[in-house]
Amino acid sequence: MNFHGSDIISVNQFDLADVTTLFTLAHRMRGIAKGETKCKLLEGAILGNLFFEASTRSRMSFASAFMRLGGQVNSTTGFAFSSMDKGESLSDAITVIKDYCDALVIRHPQIGAAQEAARYADIPVINAGDGAGEHPTQALLDLFTIFEERKVVNGSTIAFVGDLKFGRTVHSLAKLLTLYQGVNYVCIAPPQVQMPDLLIQEIRSKGFDITLTDDLETGVRSADVVYSTRIQEERFEDKMEFETIKDLCVLNRKIVTEKCKKDVTIMHPLPRTSELSTDLDSMPNAAYFRQSANGVLVRMALFLLLLGRESQLV
Ligand code: NCD
């Protein structure tokens, strides 16, 4: 794809060359991300950071990425403090906000909202999560992390655990992994929140193996990467259903030590609730905090590409 001026709505937009371009640049961001090297490539640029759903990592890492590159960030969080609370439509809001900024990041509870926002903005729009749809930059940083931790993706077995129905990070990463060869998918979830049929079909039609199970202890055995996720309480209409499944796939040190491969990589997009025990945190296999740190590098690289400044990097 031609990154310059593009919107980032879905991982379907990327091919292998795009991922390589992005990750090569992300590696060059380390010194700047730590504040050791000063960068003014985005000086004068303003990011509109629009979060209509809860967020810590995505909101702050997008903002830090932009600011580390010398740009400034103008944000709005939640509907309550925006004019949408007065009934303003998303299209009107974006039509106005686009003239205040050079790029927009949007998180919104409705599937398709980022795509809709992009229709009304003549500046790059990045989907930071549209309901249970996609979260493409999370998938990019997840993939970057798999490479960082394990060096290879081809031939790996990835176990997705938890809420695979509503988990947008799962949807995006599962699709992005189809760019690679011989990836085996193990989807471990209570039947109520298993991977959506359409996504299973899409992945199988590309020739990949997917195993579906609700048995955590058996499911994780063959995994090189275990990608644990939070049950997305906010997406349940029936709160009783949430209560009955919320503690069915809890990953802890005992399971990882006794059932998983010794060199398994444990990932999680965070935030965690009870599904990922804190007794895992001190294990070298626990990659989730390194994963969230990688988000800044990947988002910095993406901003440079979308705003066409990458060639000015010295
Ligand atoms: C995730 C999200 O918002 O989809 N968080 C994130 O962006 N790192 C995962 C979640 O909320 O469970």
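What you see is a predicted model; the values in this text were computed from it and never measured. For ligands, and for the atoms within them, numbers begin at 1 and follow the listed sequence. Side chains included, hydrogens not; waters and symmetry mates left out as well; all remaining heavy atoms used. Count residues from 1 along the sequence.
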Proximal ligand 1 atoms for [X], defined as those under 4.0 Å from one of its heavy atoms:
X: T169; answer: 1 (C), 4 (O)
X: R107; answer: 2 (C), 3 (O), 7 (O)
X: Q138; answer: 6 (C), 7 (O), 8 (N)
X: S58; answer: 6 (C), 7 (O)

Worksheet item: Is ligand 1 less than 4.0 angstrom away from at least one heavy atom of G129?
Response: no
Item to complete: Decide whether the shortest distance between a heavy atom of G167 and an atom of ligand 1 is less than 4.0 Å.
Response: no
Among side-chain atoms of [X] and [Y], is any donor-acceptor pair under 3.5 angstrom?
X: D215; Y: T213; value: no
X: E53; Y: S55; value: no
X: Y288; Y: D281; value: yes

Practice prompt. With atom 9 (C) of ligand 1 as the reference point, say which of L270, D163, T229 has the nearest heavy atom.
Written response: L270
Response to the item:
Among Q291, R230, Q232, E53, closest by heavy atom to atom 11 (O) of ligand 1 is R230
Discussion item. Can you confirm if the NZ or CZ of R299 lies within 45° of the ring axis of F62 and under 6.0 Å from the centre of its six-membered ring?
Written reply: yes
Item to complete: Report yes if some N/O of P271 lies less than 3.5 Å from some N/O of ligand 1; otherwise report no.
Response: no
Discussion item. How far is atom 3 (O) of ligand 1 from the closest protein heavy atom, and which atom is that?
Written reply: R168 NH2, 2.9 Å
Discussion item. Ring-plane angle category for F160 and Y185, please: parallel below 30°, perpendicular beyond 60°, tilted otherwise.
Written reply: parallel
Discussion item. Surrounding CZ of F289 (heavy atoms of other residues, nucleotides or ligands, distance under 6.0 Å), is the total greater than 12?
Written reply: yes
Worksheet item: Are the aromatic rings of F166 and H171 close, with centres under 6.0 Å apart?
Response: no
